[in-house]
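Reading through the structure tokens given below for one structure.
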Amino acid sequence: MSHRSGDGVGGTEEKRLVRPSGRFSTRAKQSLSAFAHSKSGLIGVAIIIIFGMMALFAPVIDSNNPITGTNLAAPYAVPAWATIFPQYSHYPPNLQELTDSTFSSPGALSAWSFKEGPGFSYGWQAFPVTGQRALSYIIANKGEGSLSVNFTGTTASTFNLSQTFSYTKYDPPNRFAFSTFVYPSIAKNVTYTVTAYLKTPAGNVYTVGVAQSSPLYSGTWNQIYGDSLSNLLSYNTVASLQGLSKTVFDEHGNYTLTLSIAVSPTEKGTDLRLHVGDMSFFIFGSAYGVLGTDNQGRDIWSQFVHGARVSFLVGILAALVTVAVGVVVGLAAATYGGLVDQLLMRVTDIFLVLPGIPLLIVLISVLDRTPIFANNPGDYIWLVIFVIAILSWPTVARIINSQVLSLKERPYVEAARALGAKKSYIMYRHILPNVLGLIYANLALTVPTAILTEAALDFLGFGSGLITSWGTITSYASQNCAASAAYSYCWWWFAPPGVAIMLLSLSFILLGNTLESIFNPKLRRR
Amino acid sequence: MTEADYSAEDNLIEVRDLVKYYPLKTGFSASILGSKDFVHAVDGVSFIIKKGEIFALAGESGCGKTTTGRCILMLVKPTSGDIIYGGRNIAKLPDSEVRKLRTKLQIVFQDPYESVNPRFTIYEIVSEGLFINGLVSTDEEAMERVRTALSSVQLTPPEQFMFRYPHELSGGQRQRVSVARALVLNPDFVVADEPVSMLDVSIRAEVLNIMKDLVDKLGISFIFITHDLAVSKHIADRIAIMYLGKFAELASAEELVANPLHPYTQALMAAIPVPDPRAEKIKVLVKGEVPSAARIPSGCRFHPRCLYATEICVSQVPEFRMVSQDHWVACHYAGQVGIATQK
């Protein structure tokens, strides 16, 4: 060794001698630097990384549940940022109109005006019984305190609790809801009702909250509730077609909300003690979040972010299975040749000419009934991956097969045979390194096929409805947007998943093409 | 039909009635039913390679000379025939046994650009056979032998070449790497398959002289496959002329050049360019083109192109016979037609 170090060619060159690893690292370095010089490859990787991070951190990015998180805003809300456009500029966001509505301290009562009939008394009281926060706009009592109302009169009487708010900046909302809870602790010798009203600037009065049970139960929280899209429709008659919410908030000005408790004594010795919990008058935003809402008021951004997970999972796993099967079949056929080759390749041809989507639909519909998938809908995604792989492997098998067949005839392979190399050695040392690049490229190029197929299946309704994928989003969008000219055809609903499917597919194609050109120098200058 | 005169101890390899047919149809049905049509690539050739000789196989493209070379090395399995080497018929040996003989029987390919793996360094290319056959166990041993082999093909200093990649070398240098890859295994016998046909004329002589030196120094036998009679004349001890899978003529290089007996050999000789503008040129002595090896003409397979063909040439296959000392020819009219009589 020592005599060589002096002749000026030792040093770095000897490091290349470390047999497989040394050579691999030089090649990997060359490939990487070639990749760094490919603009389209870098763009592809950048897009993949962006969507990949989105998929990876989906629960962190958006904590809303994409499936069950309904009523986050009004249905068909546009994205919040869309209010920069003139036609959306006066769309209301989510608004909680009442102030000091939780009665958290005695001072909170000053935000309200009271009109008590004979026999009524009221005051602030710390009330230890708390209710549950069910949804953002329904709160029984947070526990800080409550308004305590007592009646000991002898004649029918009414207690009104009011607050006035102004609604001047925004267009009429698509939906509003009122909610409060009352807790009757004692109700002796009385009948009573609790109802909420809203008075518009023009003086029209609408019922906005009614007791959900009648009579109210003592010793528990009773909800007084009204939703402009459901129960209030039967308490208010609206002439206009634009819906209750739009009719009520058609005017700009001061609106007054009144919670009215009407009591009639039945016998002498009346005693009614009740607590009013947290009050809420919620205007559902017509502009919400990053990507607005769907027809059920669900956050489309959270569906979009979670959809990236499905597309990545299906895309990458299906591509892996596809390429694995394709490489095994292609390699085996080329290696063994003869009858094995003919049989494998004819089977490949048969799969190649099968019509893709119809076959997938049939397969999914049939396999769907098997116990594995029928009992656990979460496993449905594995079924989708499986059937996509079944359909896509023949292309890969053909490509790998023809490449190996061509490599097998290269003179240097014959030279290796002449040196006494076994088939396995030739496969490993001479053929596999030369198809490896092709395998990588095919892996990248199969991903978009899988993503598109999965999206197509979901769009057609054969995917798993339980999983919010980009395909499912477009499917729901197309079902619900068709008649929604009133909601600008909800572009914020179907466009993002469509663009994302396209971008992610494109990015993998860019990556695949770059890999292909790196590993196949003949394509390098195109 | 064997060259019985050669004493057995001089013989390195004896080829008897070597036949290689390729099926014409390779498809799904052919793989099940078998093919009926064959390309007669090599159709019964017999010869002996002596120790330390250069045996040239010359002929037009498609005459079967390359197939013959590959059959001898068992790179292509012959359809029938015997190849005797070291007292054993290697044509009948199983693959695993043949593999053990690989170090002794080597090949140099035609295309210096394709016959080395572009991903390997020169060191890896040359040492590959050593590692495959377990002749060395460490890189140090391998380097020593690779260095010697590279020096012997005048790639000096070897250190300057060992760690380069093939694409950094010229065609001639690559072809010498190819020769070194064969030599490093200390073979008895090397098939050189048109080793200089892809090289510039200017570097052909260099490579040829290296090969000739190696024969002289190491006593290796060569089969030198070529379509260039001028080259074979320069390098070979004996020359065999092949036509459509059979030998047309076989003689020592001097004898064949001085006294070509087969009309085909005469035509090939006449086609060699003479570096003298005033030299009298003999006109083209063949007509037409080589027939397909799938449809071999009846009788003498050269008859459709032969200017002297008669009835007997169409109907009877000429015997490959010895007409003078070690001069074999397959022609009914050997010595009676062509240049020999015109002189």
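Residue numbering restarts at 1 for every chain, and letters A, B, ... go by the order of the sequence lines. The structure presented is a predicted model; accordingly, all values stated were derived computationally and were not measured. Just so you know, these numbers use all the heavy atoms, side chains as well, and skip hydrogens, waters and symmetry mates.
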Who wins among B/Met74, B/Met162, B/Gln106 for the most heavy-atom pairs under 4.5 Å with chain A?
-> B/Gln106
Give the member of B/Val191, B/Val108, B/Asn117 that has the highest number of heavy-atom pairs under 4.5 Å with chain A.
-> B/Asn117
Give, as side chain, backbone, both or neither, the part of B/Leu75 having an atom under 4.5 angstrom from any heavy atom of chain A.
-> both
With a 4.5 angstrom heavy-atom cut-off, could you sort out which part of B/Leu105 is near chain A: side chain, backbone, both or neither?
-> backbone
What are the residues of residues 175-184 of chain B, in order of number, with any heavy atom under 4.5 angstrom from a heavy atom of chain A?
-> B/Arg181
Under 4.5 Å, heavy atom to heavy atom: which of residues 91-102 of chain B reach chain A? Give them by number, or say none.
-> B/Arg99, B/Arg102
Residues pairing under side chain to side chain donor-acceptor pair (under 3.5 Å) where one sits in residues 414-424 of chain A, two or more places apart or in two chains, turn out to be A/Glu414-B/Arg70
Ring pair (Phe, Tyr, Trp, His ring centres under 6.0 Å) pairs, two or more places apart, involving residues 316-358 of chain A | A/Phe351-A/Trp393
Hey, could you give me the CZ/CZ distance between A/Arg410 and B/Phe109, rounded to the nearest 0.5 Å?
-> 14.0 Å
Report the option among A/Ala415, A/Ala416, A/Pro411, A/Ala421 that has the most heavy-atom pairs separated by less than 4.5 Å from atoms of chain B.
-> A/Pro411
Does B/Asn133 reach the main-chain N or O of A/Leu419 with its side chain, forming a donor-acceptor pair under 3.5 Å?
-> yes
Sub-3.5 Å donor-acceptor pair from the side chain of B/Glu114 to the main-chain atoms of A/Tyr412, do we have one?
-> no
Between A/Asp341 and chain B, which part of the residue has a heavy atom less than 4.5 Å away: side chain, backbone, both or neither?
-> neither
